[in-house]
Amino acid sequence: VKKIVVKCCLISLLMLPSLKLEANMDKDLEYYFKYVKPMEFGAEYYKNPKYFDKDKNQYVAYKDTRGRLTFGPGVLIDNRLLKKLGKENIEEGDKANQSVIDTESQNRWKQSVEEAEQLRGLTPSRLPIGEMIYQMGLPGVLKFKETLAEIDPERTQQKALKSDWAEQTPERAVEITNRLKEAMELQQPQPKANPMRNKDGGSETAPPDEQRTFDDVLRDLNVEVRRL
């Protein structure tokens with residue numbers, strides 16, 4: 001199912017107007033600098049030599065809440081980063097240039113948003129979902145199946161907060177799910193302005209468009225794959 005989602009959504013993204021994508025990218029970066037980066041690496045960390053060497057403008061490798069070596073704004077030290085840094089190994093306390101890590105952080109955010117769009121499309125809720133992916137990775141977010149399938153904003157937040165993620169980073173989980181709830185409220189269908197006649201000759205408001213569920217998205221993607 002994951003391969004189907006990735007393949008079909010990439011095809012859909014390639015067909016979107018470029019100007020719309022450029023506008024969305026600007027908004028994505030705005031969200032990153034306003035919410036993601038400060039939450040991952042706040043101003044107080046730049047003043048702490050355990051995390052940042054301000055004399056050399058270098059991030060210092062530290063262990064995150066799960067004991068994984070990390071640089072700066074949540075940049076996990078993996079094989080991809082080691083290759084970019086030209087190193088075979090990094091230990092706690094080692095340093096890397098700020099510009100390199102900041103660029104890698106933004107690239108990983110861009111990837112997180114693209115993965116979120118596979119689940120949400122170009123909707124406001126893709127950004128909070130992207131923030132969750134940035135923090136815990138796409139495999140971790142896909143475990144929130146009931147949360148992703150829920151279409152009611154309030155229940156979505158409640159389900160997301162009943163998780164190990166919320167227990168491990170409670171403050172961040174509350175903030176992200178607040179943004180997710182607000183974004184989903186923006187997506188809620190509104191009644192149509194033009195009334196329609198009922199059988200008795202009176203007027204009534206047209207019902208709102210139905211909101212697609214997570215299962216609807218997966219089902220449609222399966223149909224598209226069979227057409228290819």
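Closest approach of Thr147 and Ala160 over heavy atoms only: OG1-N, 3.5 Å. The shortest non-hydrogen separation linking Asp152 to Glu150 is N-OE2, 3.0 Å. Taking each heavy atom of Lys37 and Pro73 in turn, the nearest pair found is CG-CB, 4.0 Å. Residues Lys34 and Pro38 approach most closely at O-CG, 3.6 Å, considering heavy atoms. Ala116 and Gly130 get closest at one heavy-atom pair: CB-N, 3.6 Å. Here the shortest heavy-atom pairing between Phe71 and Asp94 reads CE2-O, 3.4 Å.
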So Leu148 and Ile129, side-chain contact (heavy atoms from CB on, under 4.5 Å) or not? Walk me through it. CA-CA 9 Å; Leu148 294 172; Ile129 294 295; 4.0 Å; yes
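Atoms CD and CZ, from Glu115 and Arg126 in turn, are 14.0 Å apart once rounded to the nearest 0.5 Å. Expressed to the nearest 0.5 Å, how far CG of Asn107 lies from OG of Ser112 amounts to 10.5 Å. Lys63 NZ to Arg68 CZ: the interatomic distance, rounded to the nearest 0.5 Å, is 12.5 Å. Here the straight-line distance linking atom OH of Tyr35 with atom CD of Glu40 works out to 16.0 Å at 0.5 Å rounding. Atom CD of residue Glu185 and atom CG of residue Leu180 lie 10.0 Å apart, to the nearest 0.5 angstrom. Leu81 CG to Thr70 OG1: the interatomic distance, rounded to the nearest 0.5 Å, is 10.0 Å.
Within the 4.5 Å cutoff, the side chain of Met136 has heavy atoms near those of the Phe144 side chain. Asp28 has its side chain out of reach of Lys110: every pair of non-hydrogen atoms, C-beta onward, lies at least 4.5 Å apart. Residues Ser99 and Asn57 have side chains not in contact (no heavy-atom distance under 4.5 Å, counting atoms from C-beta outward). You'll find the side chain of Tyr59 reaches within 4.5 Å of the side chain of Asp102, heavy atoms only. In this structure, Glu146 and Arg155 have side chains that are not in contact, with every pair of non-hydrogen atoms separated by 4.5 Å or more. Residues Thr156 and Lys181 are not in side-chain contact: their nearest non-hydrogen atoms beyond the backbone lie 4.5 Å or more apart. Looking only at side-chain heavy atoms (C-beta outward), Gln118 and Ile133 stay at 4.5 Å or farther from each other. Taking the side chain as every heavy atom from C-beta outward, Thr123 and Leu186 never approach each other to under 4.5 Å.
Connection of Ile176 to Leu161 is not established within any shared hydrophobic cluster, with ILVMFWY side chains joined at heavy-atom distances below 4.5 Å, either directly or through further cluster members. If you chain together hydrophobic residues whose side chains sit under 4.5 Å apart, Ile101 and Met39 never meet in one group. Transitive grouping of hydrophobic side chains (ILVMFWY, heavy atoms separated by less than 4.5 Å) brings Tyr51 and Leu69 into a common cluster. The cluster map of Ile, Leu, Val, Met, Phe, Trp and Tyr, joined by side-chain heavy atoms under 4.5 Å apart, puts Val174 and Tyr134 in different clusters. Grouping the Ile, Leu, Val, Met, Phe, Trp and Tyr side chains by contacts below 4.5 angstrom, directly or via other members, places Leu29 with Val36.
Side-chain atoms of Asp53 come within 3.5 Å of backbone N or O of Lys56 as a donor-acceptor pair.
Between the side chains of Glu131 and Tyr31, at least one donor N or O lies within less than 3.5 Å of an accepting N or O. A side-chain donor from one of Thr169 and Gln135 sits under 3.5 Å from a side-chain acceptor of the other. One side chain, Gln187 or Ser125, offers a donor N or O that lies under 3.5 Å from an acceptor on the other. Checked by atom type, the side-chain pair Thr177/Gln157 shows a donor-acceptor distance below 3.5 Å.
Contact check on Glu92 versus Lys50 returns no salt bridge, with no Lys/Arg side-chain nitrogen under 4.0 Å from an Asp/Glu carboxylate oxygen. Under a 4.0 Å N-O distance rule, the pair Asp164/Lys143 does not qualify as a salt bridge.
By the 6.0 Å contact criterion, OH on Tyr45 is open, its count of non-hydrogen atoms from other residues, nucleotides or ligands being 12 or less. Dense packing is recorded around CD of Glu44, with more than 12 heavy atoms of other residues, nucleotides or ligands lying under 6.0 Å away.
Listed by chain and number, the residues in a side chain to side chain donor-acceptor pair (under 3.5 Å) with Thr103 amount to none (sequence neighbours excluded).
Screening Lys84, Arg108, Lys83 against Asp78 for a salt bridge (charged side-chain N to carboxylate O under 4.0 Å, His left out) leaves a single residue, Arg108.
Ring-plane geometry between Tyr46 and Phe52 is classed as perpendicular, the angle between the planes exceeding 60 degrees on a 0 to 90 degree scale with a lower cut at 30. Trp109 and Tyr32 have tilted rings, their planes meeting at an angle from 30° to 60° on a 0 to 90° scale.
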